[in-house]
Amino acid sequence: MEHKLHYSPLLNRDIRVIQLLTAVDDPVHATGPVHCRIVHVSLDDSHRVDDGGRATKGSNRIWPVSVDDVVDDAVDGEPETSHPGGFGSLFERSLAERLFPILRIPEVPYLERPNCLKRKTRKTESQHTAKAWDPSKDPEADLPWRYTWGDFVALSYVWGDQSIRAEIYVNDVPVSVTASLESALRELRNNSRIQQGFFVWVDALCIDQEDLDERSAQVARMKDIYQKAWHVVIWLGPEDNRSSLAMLALRYMSLHAKQGDVLSKLYKRVEFYVVRLPFMQWQHTHASLHIRKAVLNAIHHLLARSYWRRLWIIQEVVLGSREAPVLCGNSSILLKDIFDSLQVMKEDGDTLGQYIIFSARGTGQPRWNIMGDDTYEISEKLWERPVAITALQSLETNLSTPNRGVYDALLLSREANATDERDRVYGILGLPQVADNIKLIPDYNLTASKTFILFSACLLASGDANGLRLVNSAVPQIGTKYFKSKHFSRPRAPKFIRRHRTIHRGCEHDLPSWVICWSCRRNPAQPFLNRFSTLPFFPFPATVPQITNDNLLTVKGIIFDTITTLSAFHATEPDKFYPHNDPDPPQSPYGSPDDTREALARTLIGNSTDGPDPSVILHPKIWSTGIMGIDDNIFGLKDFFYRNRALQLFDGWSLDSFVRNAKPVPISRRVRNTASTAPRILRVTAAHREALATAMKRLAWRRLVTTHTGYLGLVPAATKVGDVITVLAGCDAPLVLRSEGKGRYSVVGEAYVHWVTGQELNQRFEKGICTIDDICIC
């Protein structure tokens, strides 16, 4: 029978931890229900053991992991076989094994292989079982604990389905907890560190969730708890969908990522071109996989687990270390192994990454033009989100850019899952990047809307206006059904467009436009992720934004220019107003046609020194035929081009003429060129793939625009003619604002403007063209 757990009050800033009873305490605890005791401890420095720098239990930071030392020569050199014995289960069978199935017969007592066919393997302990702790052989037996009362680890896990419950015993009282927590505690009690005596902090048991005051106070201490824990132990869940195979594969990729040859061991790229007919060409490319599809499927399911999308893990992982153990069932590796392997997927997302997605979702699953509410499991977020979370661990906050890291944390929280919407704010307050700028005490007695307004106000008061970049602007309608072949060059534009649907309605909670609404689904456009400011330096006066009682924000800023020319943001956008051309197109401020073409290229791929080569993206073949396997969906540059080829960017130059790098040619010549059987398919390189993938991400759900004075930019899909490009104090990117009358503006979203020299703001200010004004945002 389940009982309610009664908590003793926490005194003198104490916290609760649990002591898991293990087989060391009583052999009966090796199996059966989980038993634990609640203990009150203090994290104050007065309880730290000062032993003159002597080592303490766990000072080597080693948590025994199961997927480790699989083969002696995994890194230093390859063994005699093509793949190490411990990693052989990851790869396809050899030709000999396929021709002679007897080589694959398992060794069982009633049917053994002949001695000549038996594999020679070194005797090792089980790869997937941690070494049992033997008190008599403990090398740390004589070492003191870090605290006078011992030491503890903090558990990072996902609560899971609240309706699926399991029973444990806390202080000998039966308590119902989620099945996810019960399985985590059951696995932890078999770990040698827990058997050694380490306590465990877990929020569901160590915080009285029904006491809102205690809950608020303990949430405010999360940063202190996770920073002072000996380790943050990550629990992904029980064994499922071959998760042990996925953990082994991630370890393998991490080991070989250091050598730089991991991709060649996983697959081989094959490309060839077929069908050269008038008005039709067909290209084919695929990857010949060395790694088993079952392994890719297992990796997909591991990365798609709900843990990676849980809000609180952002703070828990960031405050831990890259040596943190990651447990899944009875398999375990280190967090740094996951980070290194996911970096490989991120760098090769359009091949290896997509094969991981296809292994579980099928090759017919769309990636970019999916209309469902959740695209996490079929997008690059599978590996980009865990990488971004881990990257925050090493992101310094005291560099020249004062807001560095805050925007990254806001993005991660914006896309996370939370049971309580207020936790989207409270769950990141302990991050070093946020804690240094925002002083906000969690209060679960406030409504979600009031919490969002208060957080945005505190963020602005700190001098950081980057929250305005996350404004939830709407996305107009597009056609969701159409005809367009992804294999042939015709039809070039989608035909028979129907079933129009509004993709995103924006914020529906009647909040001021300067407030980050964490409840609404975010705008589908990919944020501009470059960490360096996209704005030239401008010395705004040191003033704090003011917020009136009627929620009007006043902030210093410069209205830079007005938007006059806009492209369609999608190939199936039904509004025929787009593309819209300025009746009096401007001259290019970038100089010669070649310089202007480079400006257009850098607008599409970003003006970064370590980004793709800008000359690659303007190759005419990329815009006319695309690259098979990358722009098969409706968000390719070729789809954007055929919808917006008449877009008049500058006087005498349309998008079509810029791409073709020539004045418009007669229609008769264009027909002859199109009907030719000469190959029009680009010999694709890695540089082409990188450039196209980058341009597609930046351009998706955005409009390519030209301002009144000729500056190129990318703006949200909700932008209209007459909206203004504005630079605000404390914001690292230009913003699009819309006049609402009476001197007030609403925020449409962040923009990218390609500058000429980077001194435009200062030059216009010195000439009196622009002035620093108080901009009122409603």
Side-chain angles (χ1 to χ4, degrees), residues 2 5 17-25 28-38 63-67 126-130 132-133 152-171 173-195 198-207 209 229 231-248 250 298 301-313 316-317 320 324-335 338 417 419:
E2 177 189 346
L5 187 61
V17 293
I18 63 171
Q19 177 191 5
L20 276 173
L21 301 183
T22 69
V24 176
D25 302 300
V28 73
H29 296 310
T31 59
V34 173
H35 287 256
C36 61
R37 301 190 184 102
I38 291 182
W63 178 283
V65 295
S66 59
V67 185
S126 173
Q127 298 175 16
H128 305 301
T129 303
W133 183 71
F152 77 108
V153 298
L155 181 64
S156 175
Y157 72 109
V158 61
W159 281 34
D161 191 341
Q162 296 285 342
S163 63
I164 305 177
R165 314 290 291 184
E167 190 176 78
I168 66 172
Y169 288 84
V170 182
N171 296 338
V173 176
V175 176
S176 175
V177 297
T178 62
S180 175
L181 176 57
E182 191 273 343
S183 62
L185 298 179
R186 181 180 296 275
E187 185 63 33
L188 281 175
R189 70 180 179 181
N190 296 322
N191 186 272
S192 60
R193 284 298 187 183
I194 301 302
Q195 294 174 351
F198 278 85
F199 295 104
V200 181
W201 186 92
V202 52
D203 55 357
L205 296 177
C206 298
I207 299 177
Q209 300 293 332
H231 258 315
V232 175
V233 179
I234 298 172
W235 172 250
L236 298 183
E239 167 77 24
D240 192 22
N241 292 310
R242 304 181 184 180
S243 57
S244 58
L245 196 63
M247 300 280 274
L248 186 65
L250 295 179
H301 285 291
L302 188 74
L303 298 180
R305 292 196 178 211
S306 56
Y307 174 85
W308 301 109
R309 305 182 65 182
R310 177 176 172 261
L311 175 79
W312 287 101
I313 73 154
E316 296 163 2
V317 173
V326 181
L327 283 62
C328 186
N330 54 11
S331 299
S332 58
I333 58 176
L334 299 181
L335 181 62
I338 294 183
N417 291 336
T419 305

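Here the structure is a predicted model, which is why all the values come from computation and not from measurement. In this chain, numbering begins with 1 at the start of the sequence shown.
In terms of heavy-atom proximity, Gly32 sits nearest to Arg186 at O-NH1, 3.1 Å. Heavy-atom minimum distance, Ser243 versus Arg305: CB-NH2, 3.5 Å. Across every non-hydrogen atom of Ser192 and Pro64, the tightest pair is OG-CG, 3.2 Å. Closest non-hydrogen pair, Val232 versus Pro325, comes out as O-CD, 3.7 Å. Considering every non-hydrogen atom in both Val158 and Ser180, the closest pair reads O-OG, 2.8 Å.
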Could you pull out all donor-acceptor pairs under 3.5 Å where a side-chain atom in residues 17-25 meets a protein atom, sequence neighbours excluded?
residue: Thr22; atom: OG1; partner: Val24; partner atom: N; Å: 3.3
residue: Asp25; atom: OD2; partner: Thr22; partner atom: N; Å: 2.9

Stepwise side-chain contact (heavy atoms from CB on, under 4.5 Å) check, Asn330 with Asn190: CA-CA 10 Å; Asn330 54 11; Asn190 296 322; over 6 Å; no
Arg310 and Glu316: CA distance, side-chain angles, deciding distance, side-chain contact (heavy atoms from CB on, under 4.5 Å) verdict: CA-CA 10 Å; Arg310 177 176 172 261; Glu316 296 163 2; 2.9 Å; yes
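Between atom CG of residue Leu303 and atom CG of residue Leu250 there is a gap of 6.5 Å, rounded to the nearest 0.5 Å. Taking CG of Leu188 as the reference point, atom CD of Gln195 lies at 10.5 Å (rounded to 0.5 Å). One distance of note links CZ of Phe152 with SG of Cys206; it measures 9.5 Å at 0.5 Å rounding. Between the CG atom of Asn417 and the CH2 atom of Trp159 there is a distance of 15.0 Å, given to the nearest 0.5 Å. Residue Leu205 holds its CG atom at 5.0 Å from CD1 of Ile168, rounded to the nearest 0.5 Å. Once rounded to the nearest 0.5 Å, the distance linking CG of Leu327 with OG of Ser183 reads 10.5 Å.
Side-chain contact check for Trp235 versus Leu185: every heavy-atom pair is 4.5 Å or farther apart. Asp240 has its side chain out of reach of His301: every pair of non-hydrogen atoms, C-beta onward, lies at least 4.5 Å apart. Contact annotation: the side chain of Ser156 approaches that of Tyr307 to within less than 4.5 Å [non-hydrogen atoms, C-beta and beyond]. Under the 4.5 Å side-chain criterion, counting only non-hydrogen atoms from C-beta, Ile234 is not in contact with Ile313. Residues Asp203 and Trp312 fail the side-chain proximity criterion, which asks for heavy atoms closer than 4.5 Å. Between Ile207 and Trp201, the closest side-chain pair of non-hydrogen atoms falls below 4.5 Å.
Residues forming a side chain to side chain donor-acceptor pair (under 3.5 Å) with Arg189 (at least two apart in sequence, or on another chain): none.
In this structure, the side chain of Trp308 engages the main chain of Leu302 through a donor-acceptor pair within 3.5 Å. Under the 3.5 Å distance criterion, the side-chain polar atoms of Asn171 are left unmatched by any main-chain donor or acceptor of Val173. Formation of a donor-acceptor pair under 3.5 Å by the Glu182 side chain with backbone atoms of Pro33 is not found in this model. Glu239 places a side-chain N or O within donor-acceptor distance of the main-chain N or O of Ser244, the cut-off being under 3.5 Å.
In this structure, Arg242 places its CZ atom where only 12 or fewer heavy-atom neighbours from other residues, nucleotides or ligands lie under 6.0 Å away.
Note: His35 and Tyr169 have parallel aromatic rings, judged against thresholds of 30 and 60 degrees for the angle between ring planes.
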